[in-house]
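Here the structure is laid out as structure tokens; the discussion comes afterwards.
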Number of protein chains: 2
Amino acid sequence: MGVGHSTVQALRRGELAQRVGCNLETIRYYEGIGLIPPPPRSEGRHRLYGGEHVRRLRFILRSRELGFSIEEIRALLTIEDGGGGCADVHALTSQHLELVRRKIADLRRLERTLSAAAAACARDASPECPIIETLSGPPRGKRRLPQ
Amino acid sequence: MGVGHSTVQALRRGELAQRVGCNLETIRYYEGIGLIPPPPRSEGRHRLYGGEHVRRLRFILRSRELGFSIEEIRALLTIEDGGGGCADVHALTSQHLELVRRKIADLRRLERTLSAAAAACARDASPECPIIETLSGPPRGKRRLPQ
DNA sequence: TCTTGATCCTGTAGTCACTACAGATTGTAG
DNA sequence: CTACAATCTGTAGTGACTACAGGATCAAGA
């Protein structure tokens, strides 16, 4: 079996972080907000993780990579935990896809505006700059994209 | 002259916010971080804005709409205030364009992955869901896009 | 002139998804 | 037994705002 699926019995926090490739503190953060169940502890209260924790954390990290918010991931995990159906997962995903597509459209509009302005700019010391003109222009009002 | 260029002598904060279409508190925030100079006040310490404030605030808001960060805008304003050249503005803009293009590429990759998974999903109650498979998959490691 | 209600003032806390730090405790290798 | 690494807890910081509390001021009507 591959490294990613090897049996693990008692990883500590740093080892888990290294194995899944996330920051040390992220794990404690996910536990704090209830995405990861509190793991068993050693006698001295050090957290001890097993294979199921590795699996769950990987799921969360990959979902974040794909742009799902923490609350969306919480919903996905709830469906999974409850043995919920594929249909619910599909609904959440297509909702998320819609958002991703809107973001792409926003960014493309933005890219067109900026590249047009940059192309019109003479790059010299003239006082009239088409980029400044563009930035001084009226707001388009479609201010989605909270970065 | 159009409404947007009419002469204004003493707008209060709420009026300025309404005129440029931003939140009331945003103006105070921009003053606090030094993007907008502190305006003159009335006897009772109420802020009084003029035409130059309108112009500057519009510049900031439009730049934000086009995805510039506060620090990038600060740089742009410094260039403008100092009568700096078009070349510097162009440099900042093309740097920003680069970022925008990377974001578009990231989102497109993400969109492809998600829509492929969603298309493969049967949307029934089966335990094996291709979306869940995708979300459980290995991280791709290209985790830009801090949202 | 007085009153009323809208607007404004200040400072602070909340948002999201982490990340970083301080100071104390525990685990482990030599 | 001693070092030193790793972990523990709680808290504060990030960016770009937004919202609120408790008080002061403004403008219009009576």
Side-chain angles (χ1 to χ4, degrees), chain A residues 9-36 38-49 53 57 59-77 96 99 103 139 143-147, chain B residues 9-36 38-49 53 57 59-77 96 99 103 139 143-147:
Chain A
Q9 286 308 27
L11 293 172
R12 288 187 303 165
R13 193 152 57 99
E15 294 167 327
L16 177 58
Q18 199 163 25
R19 180 171 287 242
V20 302
C22 75
N23 187 287
L24 179 70
E25 302 294 339
T26 302
I27 297 171
R28 198 161 58 102
Y29 171 68
Y30 286 159
E31 181 183 330
I33 63 173
L35 278 197
I36 292 177
R41 305 274 188 130
S42 73
E43 279 192 27
R45 300 186 50 68
H46 283 202
R47 292 169 178 85
L48 298 173
Y49 298 96
H53 285 103
L57 184 51
F59 182 92
I60 296 168
L61 293 171
R62 180 79 179 118
S63 300
R64 285 292 299 136
E65 242 183 48
L66 291 171
F68 285 91
S69 72
I70 291 290
E71 287 317 309
E72 286 172 325
I73 294 170
R74 196 189 300 280
L76 286 170
L77 286 169
H96 178 58
L99 181 73
K103 279 191 184 176
R143 208 172 322 156
R144 287 183 206 121
L145 284 174
Q147 302 262 342
Chain B
Q9 286 308 27
L11 294 171
R12 289 188 299 163
R13 191 152 59 99
E15 293 166 328
L16 176 59
Q18 199 162 26
R19 181 172 285 244
V20 302
C22 75
N23 187 286
L24 179 70
E25 302 294 336
T26 303
I27 297 172
R28 198 160 59 102
Y29 171 68
Y30 285 159
E31 183 184 330
I33 62 172
L35 278 197
I36 292 178
R41 305 274 188 130
S42 74
E43 281 192 25
R45 301 186 48 71
H46 283 203
R47 291 170 179 85
L48 297 173
Y49 298 96
H53 284 102
L57 184 52
F59 182 92
I60 297 167
L61 292 171
R62 180 79 178 117
S63 299
R64 284 292 299 135
E65 241 182 50
L66 290 171
F68 286 92
S69 73
I70 291 290
E71 289 315 309
E72 285 171 326
I73 294 170
R74 195 189 300 279
L76 286 170
L77 287 169
H96 177 58
L99 182 73
K103 278 192 186 178
R143 207 173 322 155
R144 287 186 205 119
L145 284 174
Q147 302 260 343

Discussion item. Using a 4.0 Å heavy-atom cut-off to protein, can you give one letter per nucleotide of nucleotides 8-16 of chain C, 5' to 3': B if the base is in contact, S if only the sugar-phosphate is, - if neither?
Written reply: SSBB-----
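A sub-4.0 Å separation between OP1 or OP2 of C:dA17 and a side-chain N or O of A:Thr26 is absent. Contact between the side-chain N/O atoms of B:Asn23 and the OP1/OP2 oxygens of D:dA16 is not found at any separation under 4.0 Å. Proximity of B:Tyr30 to the phosphate of D:dA16: no side-chain N or O atom is located under 4.0 Å from OP1 or OP2.
When every heavy atom of A:Glu65 is checked against every heavy atom of A:Arg62, the shortest pair comes out as OE1-NH1, 2.8 Å. Counting all heavy atoms, side chain and backbone alike, B:Glu72 lies closest to B:Phe68 at OE1-CA, 3.2 Å. Scanning both residues, B:Pro40 and B:His53, for their nearest heavy atoms gives CD-CE1, 4.4 Å.
Residue B:Arg19 contributes atom CZ, which lies 16 Å from atom P of C:dT7 at whole-angstrom precision. The separation between A:Leu61 atom CG and C:dA17 atom C1' is 12 Å, rounded to whole Å. Per the geometry, CD belonging to B:Glu65 stands 11 Å off P belonging to D:dC17, to the nearest Å. Remark: P of C:dA17 and CD1 of A:Ile60 are 13 Å apart, rounded to the nearest angstrom. Summarising the geometry, the separation between CG on A:Leu16 and P on D:dT7 is reported as 10 Å, rounded to the nearest angstrom. In this structure, the CD1 atom of A:Ile27 is 13 Å from the P atom of D:dT9, given to the nearest Å. Summarising the geometry, the separation between CG on B:Leu35 and P on D:dG15 is reported as 13 Å, rounded to the nearest angstrom. Whole-Å rounding puts the B:Arg64 CZ to D:dA16 C1' distance at 6 Å.
Paired with B:Arg13 under the rule side chain to side chain contact (heavy atoms under 4.5 Å, CB included), one option of B:His46, B:Gln18, B:Glu31, B:Glu25 passes, and it is B:Glu25.
Of the listed nucleotides (D:dC26, C:dC18, C:dG27), C:dG27 has the atom at the smallest distance from the side chain of A:Ser42.
Taking a 6.0 Å sphere around CD of A:Glu15, one finds it holds more than 12 heavy atoms contributed by other residues, nucleotides or ligands.
Counting heavy atoms from C-beta on, the side chains of A:Lys103 and B:Lys103 never come closer than 4.5 Å.
With sequence neighbours excluded, the residues that form a side-chain contact (heavy atoms from CB on, under 4.5 Å) with A:Ile33 are A:Tyr29, A:Tyr30, A:Leu35, A:Ile70, A:Arg74.
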